[in-house]
Number of protein chains: 2
Amino acid sequence: MKLNEGIEWAIHCLSVLAYLPEGKALPAKKLAGFFDLPEHYLAKHLQSLSQAKLVKSIKGPGGGYRLSRPAPDITVLDIVQAIDGKTPHFQCTEIRRRGPSGVPDECYQKPCGIARTMWRAEKAWRDELARVSLQDILQIGAEETPQLQIEKSLDWFGQVIQ
Amino acid sequence: MKLNEGIEWAIHCLSVLAYLPEGKALPAKKLAGFFDLPEHYLAKHLQSLSQAKLVKSIKGPGGGYRLSRPAPDITVLDIVQAIDGKTPHFQCTEIRRRGPSGVPDECYQKPCGIARTMWRAEKAWRDELARVSLQDILQIGAEETPQLQIEKSLDWFGQVIQ
DNA sequence: TTATATATGGATATGTTATATCCGTATTAT
DNA sequence: ATAATACGGATATAACATATCCATATATAA
Ligand code: SF4
Ligand code: SF4
């Protein structure tokens with residue numbers, strides 16, 4: 001099992017958008033350029049973020065994307081679920097009902113202990129992701145990003161925002 | 001993202017093996033029959049369980065599989081990792097190093113806050129799975145499995161074990 | 001008004017992983 | 001010896017992730 005690669009992209013992109021000056025927006029093309037990502041595919045993910053209301057999209061020249069709410073109000077879980085959906089990772093195929101020991105469907109009133117165990121673990125995963133906000137990510141980044149990269153990023157910002 | 005379907009199969013199969021009388025073994029073919037699963041593919045998963053030392057395999061007539069240690073000493077995490085591997089679900093592709101703001105590799109000393117967040121959540125998931133043993137699963141099953149299914153399973157056991 | 005820049009959604013192509021089968025070999029009980 | 005079983009490698013198929021392309025809608029600015 002592998003998590004959608006777009007999650008990494010999305011968190012990075014939102015981190016960049018968080019530094020946008022008031023009233024500005026960044027188009028998909030420029031975000032793709034910043035991380036050297038495939039433009040059209042990234043655009044798909046940005047559309048997911050837009051549908052999930054994490055970013056606001058603005059069409060037309062000068063348009064693009066910007067955060068739809070402040071970084072402290074966006075959790076990593078929000079981002080992950082925007083990209084990867086909310087379908088549980090463990091999907092029971094009800095094999096207990098099959099084979100020689102199966103009994104009619106109405107005998108199975110609720111999900112079994114196996115499914116509940118798997119789902120409880122997923123909840124622990126989600127809870128942990130919900131505990132971290134985009135603001136937290138930015139904070140860590142501010143402390144740990146190499147100085148040179150910060151400068152280069154600022155340069156880039158200056159060039160793409162007019 | 002979807003978890004390997006074999007996880008569900010494996011937990012069920014180990015649950016059945018837990019009820020084997022001392023000294024007996026169940027071959028892949030019969031396990032597949034019990035759950036109406038594709039025999040050869042299930043065999044692959046059983047081989048994974050064997051490599052992970054969760055079951056002991058016995059070749060030849062009368063052979064098959066049985067638990068390699070008592071049910072309380074097998075966790076759901078053991079089973080999940082035997083089937084799905086131990087590779088982290090979140091795999092960083094280091095996009096921070098790419099594009100116009102990237103700096104030389106030696107500037108990045110440790111995984112960033114994003115990766116650490118994702119991995120911490122995975123650890124919470126694993127911890128939760130490690131908290132549940134196969135014995136716990138059996139216990140829940142004993143309480144919740146429909147009576148009719150228990151009887152049919154016992155019938156089946158009687159027929160396949162000589 | 002026109003041209004341009006952007007997002008959106010659908011269609012499609014490609015690559016990768018999961019699912020499933022098959023076969024030859026090794027091992028062991030009878 | 002024969003039959004039953006596990007094992008590993010090879011292969012086929014299906015599902016999904018990744019990536020591209022295009023037609024359309026919308027907004028900006030000249
Ligand atoms: S016993 Fe649980 S995991 Fe197994 S088929 Fe039923 S609901 Fe699914
Ligand atoms: S910043 Fe973190 S998630 Fe992003 S590429 Fe680097 S290590 Fe990976």
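Labels below follow one simple rule: chain letters A, B, ... track the order of the sequence lines, proteins then strands, and each chain is numbered from 1.
- Closest heavy-atom contact between A:P21 and A:I161: CD-CD1, 3.7 Å.
- Distances shorter than 4.0 Å separate none of the side-chain N or O atoms of B:Y41 from OP1 or OP2 on C:dT21.
- Put simply, NE2 on A:H40 is 13 Å from P on C:dT6, counting in whole angstrom units.
- Near-neighbour residues of DNA chain D inside residues 42-62 of chain A, defined by a heavy atom below 4.0 Å, number-ordered: A:K44, A:K59, A:G60, A:P61.
- Here C:dT16 presents its P atom at 16 Å from CG of A:N4, a figure rounded to the nearest Å.
- B:E39 has its CD atom 14 Å from the C1' atom of C:dC23, to the nearest Å.
- Atom pair A:E5:CD and D:dC16:P shows a separation of 19 Å (rounding to whole Å applied).
- When heavy atoms are screened at a 4.0 angstrom cut-off, A:G6 is found touching no nucleic acid atom at all.
- Considering only side-chain N and O atoms, A:K30 lies nowhere under 4.0 angstrom from the phosphate OP1 or OP2 of C:dA7.
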Item to check | Check against ring pair (Phe, Tyr, Trp, His ring centres under 6.0 Å), A:F34 and A:W156 | outcome: CA-CA 8 Å; A:F34 186 75; A:W156 179 84; 4.4 Å; yes
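- Phosphate proximity of C:dT8 to A:Y65: present, with a side-chain N or O under 4.0 Å from OP1 or OP2.
- Annotation: proximity of residues 16-24 of chain A to DNA chain D (heavy atom, distance under 4.0 Å) is found for no residue.
- Around NZ of B:K152, the count of heavy atoms belonging to other residues, nucleotides or ligands within 6.0 Å exceeds 12.
- One can place CG of B:L37 at 15 Å from C1' of C:dT21, the figure rounded to the nearest angstrom.
- Atom-to-atom, CG of A:L31 to C1' of C:dA7 comes out at 13 Å; the value is rounded to the nearest Å.
- Residues satisfying the side chain to side chain contact (heavy atoms under 4.5 Å, CB included) criterion with A:Q135, sequence neighbours excluded, are A:A71, A:P72, A:S133, A:L138.
- Pairing each heavy atom of A:M1 with each of A:H89, the nearest pair is SD-CB, 4.5 Å.
- Looking only at atom types and distance, the side chain of B:Q51 has no donor-acceptor partner in the side chain of B:Q47 under 3.5 Å away.
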